Amino acid sequence: MIRNGFSDLADAYDTLATAEAAAGERLLDLVAIGPRDFVLDVGCGTGTTTFAARRRCQGKIVGIDVSAGMIRRARWHPQQPDVSFVLGDAAAMEYERNFNVVILNSSLHWMADPVMVLERCFHALRRGGWLGLQVPATGQWCPLAQAVLKAVREEKALAAVASRFRDPMLIPPDLQSLEQTLDRAVIDVYGGSLATDVLDLTAEEALGVVEVQLGAALFNPACYDGGLTQPDHDRLRALAREVVADATDGAGRVSVTITRAYMHGSKQWNERRLTPAG
């Protein structure tokens with residue numbers, strides 16, 4: 001459902017997703033990659049966090065993403081030794097104990113079966129290996145993006161369109177629910193935290209945040225039963241601009257808040273459960 005939406009975003013993603021890149025650096029700090037670690041970046045997008053991992057270690061690094069456009073863009077960057085990008089579905093990965101570290105930066109909430117993805121990550125990890133993930137979280141994960149969604153629901157001319165929208169995003173309401181998801185995949189959680197970033201942006205930059213947060217869903221015809229007509233697509237984008245304009249102050253600035261959950265854990269066989277959940 002989302003692969004085409006992200007392909008449409010691919011060429012502009014590096015420019016738009018600066019907040020996600022910063023979150024990726026924080027995530028890499030959390031898992032403390034060692035100089036010889038082998039790293040798997042699940043939902044790697046254009047490879048920003050993948051290449052950031054390369055700057056921290058010399059082991060083999062693989063990025064995987066379901067979006068052909070994102071993988072094409074990742075491969076467009078100057079390539080580096082032992083860094084490769086794979087076009088594929090994370091829920092169908094078949095790695096077996098190939099990596100010391102698995103990271104998921106701003107990707108798990110887009111995946112239809114997060115437990116299956118995490119189980120695949122479990123198999124990809126060597127014993128004692130580390131998994132780290134970051135996702136937008138809580139009921140107030142991004143008020144500006146939520147305001148756009150609210151405006152769509154309340155616009156009478158878009159009532160039929162809104163009723164056909166199938167939101168693919170699975171935003172965890174709290175740390176406990178995210179920890180339970182990891183626990184079902186037999187990832188022993190060692191730590192989790194919520195972090196709220198407040199960004200001071202221009203109106204165009206704020207619109208870029210909306211694009212990154214919602215573009216593969218709200219503006220993606222594949223997320224609507226029966227698709228999306230061009231006039232309705234244009235109206236959705238115009239409505240997003242109106243919401244951002246309403247949030248812009250007299251100096252032309254927009255305060256954008258994003259709350260993220262960070263969590264890391266380890267693959268440890270234990271007596272509690274010796275095999276992953278089915």
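Quick caveat, the model's predicted, so the values are computed rather than measured.
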Same cluster or not: [X] versus [Y], using hydrophobic residues (I, L, V, M, F, W, Y) connected whenever any side-chain heavy atoms lie under 4.5 Å apart?
{"X": "M169", "Y": "L218", "answer": "yes"}
{"X": "V210", "Y": "Y13", "answer": "yes"}
{"X": "V212", "Y": "I171", "answer": "yes"}
{"X": "V115", "Y": "L170", "answer": "no"}

Between the side chain of [X] and the main-chain N/O of [Y], is any donor-acceptor distance below 3.5 Å?
{"X": "K267", "Y": "G129", "value": "no"}
{"X": "D89", "Y": "A91", "value": "yes"}
{"X": "R54", "Y": "P81", "value": "yes"}
{"X": "R260", "Y": "Q134", "value": "no"}
{"X": "S67", "Y": "S7", "value": "yes"}
{"X": "Q79", "Y": "R75", "value": "yes"}
{"X": "D41", "Y": "T50", "value": "yes"}

Could you check whether any side-chain heavy atom of L131 comes within less than 4.5 Å of a side-chain heavy atom of L118, counting everything from C-beta outward?
yes
Ring-face cation of K60 near F38 (centre distance under 6.0 Å, axis angle within 45°)
no
So, for G47 and F85, which heavy atoms are closest and what is the spacing to 0.1 Å?
CA-CE2, 3.8 Å
Using every non-hydrogen atom in the two residues, find where G208 and L16 come nearest and quote the distance to one decimal.
CA-CD2, 3.6 Å
With L40 as partner, the option from V62, I61, N98 fulfilling side-chain contact (heavy atoms from CB on, under 4.5 Å) is V62
In chain order, what residues pass the side chain to side chain contact (heavy atoms under 4.5 Å, CB included) check against D246, with sequence neighbours excluded?
none
Is it the case that the side chains of Q213 and E20 hold a donor-acceptor pair, with the cut-off being a distance below 3.5 Å and no angle test?
yes
Can T46 and D14 be counted as having a side-chain donor-acceptor contact under 3.5 angstrom?
yes
I'd like to check the ring-ring contact (aromatic ring centres under 6.0 Å, His included) partners of Y224; sequence neighbours left out, ordered by chain and number.
F165
Connecting only ILVMFWY residues whose side-chain heavy atoms lie within less than 4.5 Å of each other, what is the rest of V198's hydrophobic cluster?
none
Quick check on R241: does its CZ atom have over 12 non-hydrogen neighbours (other residues, nucleotides or ligands) under 6.0 Å away?
no
Would the number of heavy atoms belonging to other residues, nucleotides or ligands and lying under 6.0 Å from CD of E94 be above 12?
no
